[in-house]
Structure formats: C-alpha cells, structure tokens
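Structure record follows, encoded as structure tokens.
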Amino acid sequence: MKFGRWFRYCVMPRTPVAEILRSETPPGAVTVMGWVRTKRDSKAFSFLEINDGSCLSNLQVVVDAAIAGYDEAVVPARTGASLVIQGNIVESLGKGQRWELQASKVELLGGAPEDYPLQKKGHSMEFMRSIAHLRPRSNLFGAVFRVRSRMAYAIHRFFQERGFVYVHTPIITASDCEGAGEMFRVVTMDGEVVKTGDEEFFAKPTYLTVSGQLEGETFACALSNIYTFGPTFRAENSHTSRHASEFWMIEPEMAFCDLMADMDLAEAMIKYLVSDALETCIEDLGFFNQFIDKGLIERLEFVRDRSFERVTYTEAVELLKASGESFEYPVEYGLNLQSEHERYLTEKHFRCPTTVYNYPKEIKPFYMRKNEDGKTVAAMDLLVPGIGEIVGGSQREERLEVLLANLKDHGLEESGYGWYVDLRRYGTVPHAGFGLGFERLLMFVTGVANIRDVIPFPRTPGVADF
RNA sequence: UCCUCUGUAGCUCAGCGGUAGAGCGGGUGGCUGUUAACCACUAGGUCGUUGGUUCGAUCCCAACCGGAGGAGCCA
C-alpha cells in the first residue's frame with residue numbers, strides 16, 4: 001500500500017508514520033504530524049512516541065533540548081498533544097525500533113491538559129465507551145477501526161470481482177421484512193406532536209429498514225447478481241454483546257441460484273475476508289492476538305485453510321441429541337437451535353465454522369422456499385465459533401402459488417406485498433441470498449467480544465451518545 | 001422483556017456498622033539512549049440517587065438510575 005497519491009492532497013505535507021516504519025532504507029528528511037502517546041524526558045533531550053493512526057506502531061522521536069521550539073513545544077507536550085516534527089530519520093541507537101526521528105524543529109499544534117483521559121496504561125472497554133470521541137486514539141480501537149475499513153473495502157472487492165452490482169436499498173421503508181425484528185417508526189415532528197394517520201409525511205406508516213432483502217430481490221431479478229451494504233436498524237430491547245440498534249449489513253442476492261450455491265458463496269466470502277485480513281492487517285491482528293484473544297491468528301488461519309462443515313437441521317438435531325451433553329434448553333425437531341446448541345456444534349463437535357441448512361418451515365419466515373419434503377425450507381445459517389450466527393440466508397420462494405399460500409399460513413395480507421409478489425408473477429426465477437452482519441464479522445476477525453467495541457459510535461437501547 | 005452481577009480518587013480496585021486506602025495516572029523535584037522507564041515528595045473522594053433500619057450508614061434493607069454478563073430474538 002502506497003501513501004504517495006494521498007500525500008499530494010494533504011494541505012500540510014507530511015510523511016505517515018506507517019510509511020517511515022515500513023521503509024527498508026533510511027527515509028531521510030521528513031515532516032511527521034501526529035499525537036503524543038508518551039514522553040520520556042531527560043535533562044538534555046526527550047523521547048516522544050508519536051502516533052498518527054496510519055499504523056499501530058508509534059514513531060520514536062528524539063528531541064535535543066537545544067533545538068528550535070523545545071521549550072515552547074516539547075516541554076508542554078503531554079500525552080495526547082498534537083505536534084508537527086521536522087527532522088531526519090536515522091537508525092535507532094536503542095532497542096525496540098529500527099528507525100527513529102532525530103528532530104530538528106518541533107511545533108505544538110494543540111496541547112493536552114493533565115485531565116486528558118487516556119493514560120499510558122490499559123483502560124477497560126467500558127471506560128473507553130464513555131470516551132468514544134477519544135478511543136480511536138488508543139492502540140486497540142485504532143486497530144479495530146483500521147480493520148473495519150479494510151474489511152468494508154474487501155467486501156466490495158469480493159463482490160465486484162465476481163460481477164455483483166452494488167444496490168443502495170432504501171433506509172426509509174414502508175415494508176416490514178417479516179420476522180426481522182422490531183422497527184423504528186419514521187415520523188415528522190411538529191413541536192412535541194407526533195404526526196400520525198392522515199398527516200403521515202409519506203401518506204402511510206414508514207420505518208427505518210431492518211433489511212434490504214425484499215428490495216434487493218427486485219434488483220437481483222433484473223441484474224442477476226447484486227449486493228447491498230448499508231446501515232440497518234432494529235428497535236429490539238436487547239442487552240447483549242452481540243446486538244446493536246444500528247448496525248451494518250451486507251446482503252447479496254443472486255438470480256438463477258439455489259441454496260447450495262448460496263452456501264458456497266457465503267463460505268467463500270468468509271474465507272476471502274479472513275484471508276484478506278491476514279494478508280493486509282497482520283500488525284493489527286497481532287495486537288489482538290496478544291491482548292484480546294491469544295488464539296485469534298491460529299483460528300483465522302484455520303478458517304482460511306480448512307473447509308467448513310455443512311449439516312442439515314435434522315442432522316444437527318440428531319447430533320445434539322446423541323452428544324451426551326446436558327443442555328439447558330431441550331433439543332427437539334421443530335424447535336430453534338439455542339445459542340448453547342450452536343456453540344456445541346462449532347466449538348466442541350466440529351471445531352470450525354458450520355453451516356446448518358433446511359430448517360422446519362414453521363420457524364422460518366414466509367419468503368423461504370419450501371423443500372420437496374413439505375416439512376422444511378431452503379434456509380441456512382453459517383455459525384462461527386465464539387459468536388454464533390454470522391450469516392443467515394435462504395433460497396427464496398419463486399413459485400407464485402406457493403408464496404401466496406405461505407403468506408396466508410403466516411397470517412400476512414397479500415396486499416402488503418404486492419410488488420414483492422409481482423416478481424413471481426412476471427418472469428420469476430429461482431434466486432437466493434443471505435445477510436452478513438458486518439459487526440459480527442469484525443468481532444470474528446478481531447476477537448473483540450462486544451459489538452459496541454467494533455462500531456465507531458454504538459447505538460444500543462438507552463444509549464445514543466456522541 | 002427476563003435472570004445474575006456491579007456502582008468507593010482521573011483509571012483499575014481493596015475495605016469497614018464508628019464518615020476511607022493501594023496501584024497506576026496527575027503535580028513538583030531528581031536521574032537515566034529512554035521503551036507501560038526509575039527514585040523521592042505531593043495534591044485529589046458529600047463512597048450512584050432517594051428513602052428506611054440504627055445512637056451512628058460508604059457498609060444492612062428497599063426503590064430508582066447507570067454499567068456489565070447471560071437468555072430470548074436476530075445479524
């Protein structure tokens with residue numbers, strides 16, 4: 001990765017720390033801009049650790065007390081202060097780093113008083129959430145959000161390389177993707193009065209989207225292979241480490257596609273993303289591996305290199321019954337698999353990502369395709385160790401009569417799904433797709449255990465700070 | 001929404017029915033090509049809120065508020 005092009009657009013020409021540290025030869029004269037992570041003073045000179053977010057590592061800066069700006073810039077520069085440093089990159093005399101910056105001039109952009117909340121020591125994740133505006137300046141969160149950015153890019157690459165068309169499905173919607181959870185209402189405000197009924201801005205009740213799937217299907221039934229990647233909103237009052245009220249979801253949808261190919265794509269995508277992270281984010285992953293999850297890199301390499309397991313729901317139930325494990329919740333055909341059951345499959349039985357498919361139709365939404373057995377639908381969940389469901393998908397019911405019957409069976413009015421039903425009325429095709437929770441993927445890739453710590457500004461029930 | 005745990009210094013925590021302590025961080029001084037540096041000194045807290053029990057509550061009880069973990073639901 002080169003920073004050269006970016007460099008030209010920068011108003012204040014500077015060299016990113018990542019570029020300096022990566023250099024094989026002495027980079028010579030540079031200007032570095034960044035934030036002080038720590039300072040160690042001596043009588044004749046100071047050591048500064050500078051971080052600019054371009055990579056995990058800091059650049060060690062040696063400042064002789066005799067240089068220009070020492071008293072004005074270096075003496076008052078505490079942890080958190082922002083600096084411009086000009087100087088020469090030389091081989092470090094000390095241990096622990098190859099290059100260091102011998103400063104010739106230092107300018108203080110912004111000081112940080114002694115109440116700067118980030119200390120040199122580690123902080124709890126809970127405390128970091130309370131200073132969400134400053135936490136990207138920490139090692140952990142800088143790494144998390146660099147990986148987040150890279151994974152977003154890799155997702156686009158994965159689909160674009162395969163000819164998928166990126167579709168922007170609406171954020172405000174009038175359709176409830178049935179079974180996808182509680183929705184936020186969209187209303188206009190007139191003072192304290194919430195307008196309803198005839199005064200609806202859109203002439204009907206509208207919501208923040210819980211899924212772009214239904215809209216995505218319409219584009220798949222025209223452009224063949226599409227994907228969405230955008231924010232999603234769920235108004236569920238859930239307090240867990242895996243749920244947020246606002247999160248990002250990736251939803252590919254493929255025409256002329258059945259459940260088997262759908263599962264192939266989901267597995268290939270997970271492998272691609274894990275492989276890309278190992279290739280491009282290894283420094284950040286190394287940090288997670290050391291401080292968050294000792295087995296992380298080994299697990300990611302395992303996921304990249306080994307094939308995933310695949311079992312039907314029926315087989316999974318039999319497996320669980322024969323396991324001899326004592327589960328808190330019963331294992332019975334027709335019941336949803338509980339978190340503890342999913343964990344057993346991925347963490348104890350198979351010890352790898354596992355796709356479970358062909359679920360009983362009673363526990364799945366109306367749009368999933370009914371199988372020949374009359375009992376199950378072509379649904380699939382991709383489960384990963386430590387997190388559980390990371391992908392949920394299905395082949396969609398493309399037969400008009402069957403879909404109409406499904407709507408009825410689920411107690412839904414056909415009138416509410418007119419345009420969706422039309423897809424089956426005009427040139428219907430077999431098609432399938434899935435949803436990937438972006439934050440759950442990030443939890444899996446980084447080892448970070450709480451969804452709130454992989455979203456820049458998390459929204460959960462009762463919390464919309466920052 | 002349900003269950004469990006939790007709230008004491010800026011942070012992480014200890015503590016006790018008689019109104020509080022450590023480590024780190026901060027400040028000051030010293031020292032050193034330092035590496036989450038080191039040494040000395042120092043400042044800093046109506047113990048989440050409101051009631052109750054008690055001669056007396058930070059400690060016991062209740063409610064509320066905040067935080068965390070789990071369940072359900074899902075991504």
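Everything numeric here is computed off the predicted structure, so don't read it as measured data.
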Shorter than 3.5 Å, N or O on both sides, protein versus nucleotides 28-31 of chain B: list them out with atom names.
residue: B:C31; atom: OP1; partner: A:Lys43; partner atom: NZ; Å: 3.0
residue: B:C31; atom: OP2; partner: A:Lys43; partner atom: NZ; Å: 2.4

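- Whole-Å rounding puts the A:Leu383 CG to B:C74 P distance at 13 Å.
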Please list, for nucleotides 64-72 of chain B, all pairs of protein and nucleotide N/O atoms separated by less than 3.5 Å.
residue: B:A68; atom: OP1; partner: A:Arg129; partner atom: NH1; Å: 2.9
residue: B:G69; atom: OP1; partner: A:Asn450; partner atom: ND2; Å: 2.6
residue: B:G69; atom: OP2; partner: A:Asn450; partner atom: ND2; Å: 3.3
residue: B:G69; atom: OP2; partner: A:Arg452; partner atom: NH2; Å: 3.0
residue: B:G70; atom: OP2; partner: A:Ser241; partner atom: OG; Å: 3.0
residue: B:A71; atom: OP2; partner: A:Arg242; partner atom: NH1; Å: 3.4
residue: B:A71; atom: OP2; partner: A:Arg242; partner atom: NH2; Å: 3.3
residue: B:A71; atom: O2'; partner: A:Tyr329; partner atom: OH; Å: 2.7
residue: B:G72; atom: OP1; partner: A:Gln338; partner atom: OE1; Å: 2.0
residue: B:G72; atom: OP2; partner: A:Ser339; partner atom: OG; Å: 3.1

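- Summarising the geometry, the separation between CG on A:Leu118 and C1' on B:C24 is reported as 14 Å, rounded to the nearest angstrom.
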Please tabulate, for side-chain N and O atoms in residues 83-93 of chain A, each donor-acceptor pair with protein atoms closer than 3.5 Å (sequence neighbours left out).
residue: A:Asn88; atom: OD1; partner: A:Ala29; partner atom: N; Å: 3.1
residue: A:Ser92; atom: OG; partner: A:Gly94; partner atom: N; Å: 3.2
residue: A:Ser92; atom: OG; partner: A:Gly94; partner atom: O; Å: 3.4
residue: A:Ser92; atom: OG; partner: A:Gln97; partner atom: NE2; Å: 2.9
residue: A:Ser92; atom: OG; partner: A:Glu100; partner atom: OE1; Å: 2.9

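- Evaluation of the ring-ring contact (aromatic ring centres under 6.0 Å, His included) test over residues 39-91 of chain A, restricted to residues two or more places apart or in two chains, returns A:Phe45-A:Phe47.
- Between the C1' atoms of B:C59 and B:G21, the separation comes to 15 Å (whole Å).
- With hydrogens and angles ignored, the 3.5 Å screen pairs no side-chain donor or acceptor of A:Glu246 with any backbone N or O of A:Thr232.
- Between B:C73 and B:C5, the distance separating the two C1' atoms is 23 Å to the nearest Å.
- Consecutive Watson-Crick or G-U pairs involving RNA chain B, each under 3.5 Å on both distances, make up stems of three or more pairs at B:1-7 with B:65-71, B:10-13 with B:21-24, B:26-30 with B:38-42, B:48-52 with B:60-64.
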Check nucleotides 9-11 of chain B for protein N or O atoms closer than 3.5 Å to its own N or O atoms and list the pairs.
residue: B:G10; atom: N2; partner: A:Gln119; partner atom: OE1; Å: 3.3
residue: B:G10; atom: N2; partner: A:Gln119; partner atom: NE2; Å: 2.5
residue: B:G10; atom: N3; partner: A:Gln119; partner atom: NE2; Å: 3.2
residue: B:C11; atom: O2'; partner: A:His123; partner atom: ND1; Å: 3.4

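- Atom pair A:Ile451:CD1 and B:C74:C1' shows a separation of 11 Å (rounding to whole Å applied).
- Across A:Thr446, A:Asp276, A:Val274, a single residue satisfies side chain to side chain contact (heavy atoms under 4.5 Å, CB included) together with A:Met151, and that is A:Asp276.
- With A:His243 contributing its side chain and A:His239 its backbone, the two residues share no donor-acceptor pair below 3.5 Å.
- Between the C1' atoms of B:A14 and B:U50, the separation comes to 27 Å (whole Å).
- We find that CD of A:Glu439 is positioned 14 Å from C1' of B:C74, with the value rounded to whole Å.
- Partners of A:Phe288 under the ring-ring contact (aromatic ring centres under 6.0 Å, His included) rule, at least two apart in sequence or in another chain, do not exist in this structure.
- Taking side-chain N and O atoms only, A:Arg234 has no distance below 4.0 Å to OP1 or OP2 of B:C74.
- Straight-line distance from the CE atom of A:Met380 to the C1' atom of B:C74: 15 Å, rounded to whole Å.
- Looking only at distances, a side-chain donor or acceptor of A:Thr218 sits under 3.5 Å from a matching main-chain atom of A:Glu215.
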Side-chain polar contacts of residues 330-341 of chain A - donor-acceptor pairs under 3.5 angstrom, sequence neighbours left out - could you list them?
residue: A:Glu332; atom: OE2; partner: A:Lys321; partner atom: NZ; Å: 3.1
residue: A:Gln338; atom: NE2; partner: A:Asn336; partner atom: O; Å: 3.4
residue: A:Glu340; atom: OE1; partner: A:Glu328; partner atom: N; Å: 3.0
residue: A:Glu340; atom: OE2; partner: A:Glu328; partner atom: N; Å: 3.0
residue: A:Glu340; atom: OE2; partner: A:Tyr329; partner atom: N; Å: 2.6
residue: A:His341; atom: ND1; partner: A:Gln338; partner atom: N; Å: 2.9
residue: A:His341; atom: NE2; partner: A:Tyr329; partner atom: O; Å: 3.1

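- The CG-P distance, from A:Leu101 to B:U34, rounds to 19 Å in whole Å.
- If you check every strand for non-hydrogen atoms under 4.0 Å, A:Gly96 touches nothing.
- The aromatic rings of A:Tyr420 and A:Tyr417 stand perpendicular to each other, their planes meeting at an angle above 60°, with 30° marking the opposite boundary.
- Side-chain polar atoms of A:Asn139 and A:Arg37 form a donor-acceptor pair below 3.5 angstrom.
- Between A:Glu114 and A:Phe47, the residue whose closest nucleotide on RNA chain B is further toward the 5' end is A:Glu114.
- At least one donor-acceptor pair closer than 3.5 Å links the side chain of A:Thr209 to the backbone N or O of A:Ser211.
- Summarising the geometry, the separation between CD on A:Gln102 and P on B:U34 is reported as 15 Å, rounded to the nearest angstrom.
- Annotation: ring-ring contact (aromatic ring centres under 6.0 Å, His included) contacts of A:Tyr272 (sequence neighbours excluded): A:Phe158.
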Under 3.5 Å, which donor-acceptor pairs do the side chains of residues 349-356 of chain A form with other protein atoms, sequence neighbours left out?
residue: A:Thr354; atom: OG1; partner: A:Cys352; partner atom: O; Å: 2.9
residue: A:Thr355; atom: OG1; partner: A:Glu267; partner atom: OE2; Å: 2.9

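- With sequence neighbours left out, the ring-ring contact (aromatic ring centres under 6.0 Å, His included) criterion links A:Phe466 to A:His133.
- Spacing between B:C24 and B:A68 at atom C1', rounded to whole Å, works out to 23 Å.
- Applying the ring-ring contact (aromatic ring centres under 6.0 Å, His included) rule to A:His156 yields the partners A:Tyr166, A:Tyr227, A:Phe229; only residues at least two apart in sequence or on another chain are considered.
- Annotation: B:G52 and B:G69 have their C1' atoms spaced 31 Å apart (nearest Å).
- As rounded to the nearest Å, B:G44 and B:A22 have P atoms that lie 14 Å from one another.
- The interatomic distance linking A:Arg37 (CZ) with B:A37 (P) rounds to 13 Å, in whole Å.
- Between B:U12 and B:G26, the two P atoms lie 16 Å apart (nearest whole Å).
- Here the separation of B:U53 from B:G15, taken at their C1' atoms, is 23 Å to the nearest Å.
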